[in-house]
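By convention in this document, chain letters (A, B, ...) are assigned in the order of the sequence lines, proteins followed by strands, and residues within each chain are numbered from 1.
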2 protein chains.
Amino acid sequence: MTNDRRRILAVDDEEDILEILSFNLSGEGYKVDTCISAEEALRKDLSGYDLFLLDVMMGPISGFRLAEKIRKELALTTPVIFLTARDSENDRITGFNLGADDYLAKPFSIRELSARVKAILRRSSPEQVTMETVAGDFTVDTANKLIYSEGVPLELTRKEYEILALFICNAGKIFSRNDILSKVWGDEVIVTDRTVDVTIARIRKKMGEKGNMIKNKSGYGYYFGD
Amino acid sequence: MTNDRRRILAVDDEEDILEILSFNLSGEGYKVDTCISAEEALRKDLSGYDLFLLDVMMGPISGFRLAEKIRKELALTTPVIFLTARDSENDRITGFNLGADDYLAKPFSIRELSARVKAILRRSSPEQVTMETVAGDFTVDTANKLIYSEGVPLELTRKEYEILALFICNAGKIFSRNDILSKVWGDEVIVTDRTVDVTIARIRKKMGEKGNMIKNKSGYGYYFGD
DNA sequence: CATATTTGTAACAATTTTGTAACCTGAATG
DNA sequence: CATTCAGGTTACAAAATTGTTACAAATATG
């Protein structure tokens, strides 16, 4: 997957929270660094992170102010999720002006946390300008979200593109319906697994005669191959 | 369905709640067991479940304490969803440390329930592992559910694959029909033991000349070897 | 806000897999 | 020998899985 070990920086003045964040997100495969204060965070090189988790209420420099510095002084567009106990309109407004990508009100559940993190990171995928070419004259252009079949671009919708890209980039590997749902739809969204079948039918149709390159292994799932 | 019949254990001291949970989740295709107390739950073999739904407020042993035992004493990483009427900071914190995967505040809607259950089970499923190579030019690829004979993949169905994988990974070991039924079909499914013979005949045929590598020791069972 | 696209679901059809019964073989039993 | 028993095979039916279509719901677009 696109997951090249995404890096997350969590800043909170409560040791407990930092540990919870670190433990759980590490378990999900992220590389997590923590800071006990905004000051400590500002002494680090913040350019290498893919996401910031900032507590709003912290010592002398609040999460809002820290985000402001990150955005304006450091000119980073890295996504930010604020952790906050408060839930007032004002907080929200301030947060949005600083470009908050999401809020997580404490207390939050682990599931809630990782779902949002995953969603945000997926949305803001780094999009390397890579071009991966694979079996059977299929080319995936991840930068432009295009898949070429023998040089001709397929007219795929978003979900269709993501599934086919997943398949082509992992040719031969079997994906169960759940794998696909989790990677393409994400864990927050709840849809029937038959949705996968229908979407794949649509992709196959758009692929024309090449459609049979998406194989199904009964009882296990789908995969791409000759 | 791809659902390998996920098993859920619901523990709550209210009979009504248990019935609601059981009825609705069964209807969604899950196998649901229920316990009216933590003590009762602890008397069961808890290792076979895919998810625990635990009421927080119960008799002498609370849901939190039960989860703690499950995690620490039984060393299970099975996901847990707490059912709770309370929603205070303390509850949440306690839950975190025990690795709660989610909370569901009573009263909850059926839709909410099944959405969360589904999401949790989906995310906790992936277990793509290794490649095991074994005797007589046979290779088992457990990730893609493929078995290669001299480098050429066999076209096996689910049951066929599981039986042959079992044999190859335990070459030389004799499996009675009951062993095979238990491991491949599971203990709840009831099928004739002649079904095993038929399935093995099918595997042998697909293996071609190598088919005779599945041996039978009359009166005892089948095994794999030269 | 009206219109076009995309996405999700349900229903039904087609296909594949699985289970059973019946029949066949050969060795062991008596 | 005839008989029994275990296992091999085959053909067919039942069940499960997948493919497809049509339509409703949700989103995006102008």
Asker: Which part of the nucleic acid, if any, lies within contact of A:Arg202, taking any heavy atom under 4.0 Å across all strands shown: a base, the sugar-phosphate backbone alone, or nothing?
Answerer: base
Asker: Do A:Asp50 and A:Tyr30 get their side chains close enough for a donor-acceptor pair, meaning under 3.5 Å?
Answerer: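 Distance-only check fails for A:Asp50 and A:Tyr30.
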Asker: When you measure from the side-chain N and O atoms of A:Lys205 to the phosphate of D:dT21, is any distance below 4.0 Å, counting only OP1 and OP2?
Answerer: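 A:Lys205 to D:dT21 OP1/OP2: side-chain N or O found under 4.0 Å.
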Asker: So how far is it from B:Ile203 CD1 to B:Ile214 CD1, rounded to the nearest 0.5 Å?
Answerer: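 Answer for the CD1-CD1 pair, B:Ile203 versus B:Ile214, is 5.0 Å.
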Asker: To the nearest Å, how far apart are B:Ile214 CD1 and D:dG8 C1'?
Answerer: 13 Å
Asker: NA contact type, A:Arg204, heavy-atom cut-off 4.0 Å: base, sugar-phosphate, or nothing?
Answerer: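 It contacts sugar-phosphate atoms only.
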Asker: Rounded to the nearest 0.5 Å, how far apart are CG of B:Asp141 and CG of B:Leu146?
Answerer: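 Separation between the atoms: 5.5 Å.
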Asker: Could you check B:Asp197 against B:Tyr222 for side chain to side chain donor-acceptor pair (under 3.5 Å), going step by step and ending with a plain yes or no?
Answerer: CA-CA 9 Å; B:Asp197 299 79; B:Tyr222 296 94; 2.7 Å; yes
Asker: Atom CG of B:Asn212 to atom C1' of D:dG8: distance rounded to whole Å?
Answerer: 14 Å
Asker: Nearest whole Å is fine: how far is D:dC5 C1' from B:Asp193 CG?
Answerer: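 Atom CG in B:Asp193 sits about 13 Å away from atom C1' in D:dC5.
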Asker: How long is the straight-line distance from NZ of A:Lys183 back to CD of A:Glu162, given to the nearest 0.5 Å?
Answerer: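 Rounded to the nearest 0.5 Å, the CD-NZ separation comes to 12.0 Å.
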Asker: A:Lys217 near the nucleic acid: base, sugar-phosphate alone, or nothing, with a heavy-atom cut-off under 4.0 Å?
Answerer: sugar-phosphate
Asker: Rounding to an integer number of Å, can you tell me how far A:Asp197 CG sits from D:dA16 C1'?
Answerer: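 The answer, rounded to whole Å, is 13 Å.
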Asker: What range of DNA chain C does chain A touch, first nucleotide to last, counting atoms under 4.0 Å from its heavy atoms?
Answerer: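 Nucleotide range in contact with chain A: C:dT6 to C:dT17.
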Asker: Whole Å only: how far is the NZ atom of B:Lys206 from the C1' atom of D:dT9?
Answerer: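 My rounded result for the distance is 16 Å.
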Asker: Mind checking B:Thr192 for me? I need base, sugar-phosphate or nothing, with any heavy atom below 4.0 Å counting as a touch.
Answerer: sugar-phosphate
Asker: Is the backbone N or O of B:Thr199 less than 3.5 Å from a side-chain atom of B:Arg204, with the two atoms forming a donor-acceptor pair by type?
Answerer: no
Asker: Dump the intermediate steps for side chain to side chain donor-acceptor pair (under 3.5 Å) on B:Asp179 and B:Ser182, then the final yes or no.
Answerer: CA-CA 5 Å; B:Asp179 290 339; B:Ser182 169; over 6 Å; no
Asker: Picking from D:dA6, D:dT9, D:dT20, which would you name as closest to the side chain of B:Ser218?
Answerer: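 Of the candidates, D:dA6 comes closest.
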Asker: Compare the minimum distances between each of D:dT17, D:dG8, D:dT9 and the side chain of B:Tyr222, then state the nucleotide with the smallest one.
Answerer: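 Of all the options, the side chain of B:Tyr222 is nearest to D:dG8.
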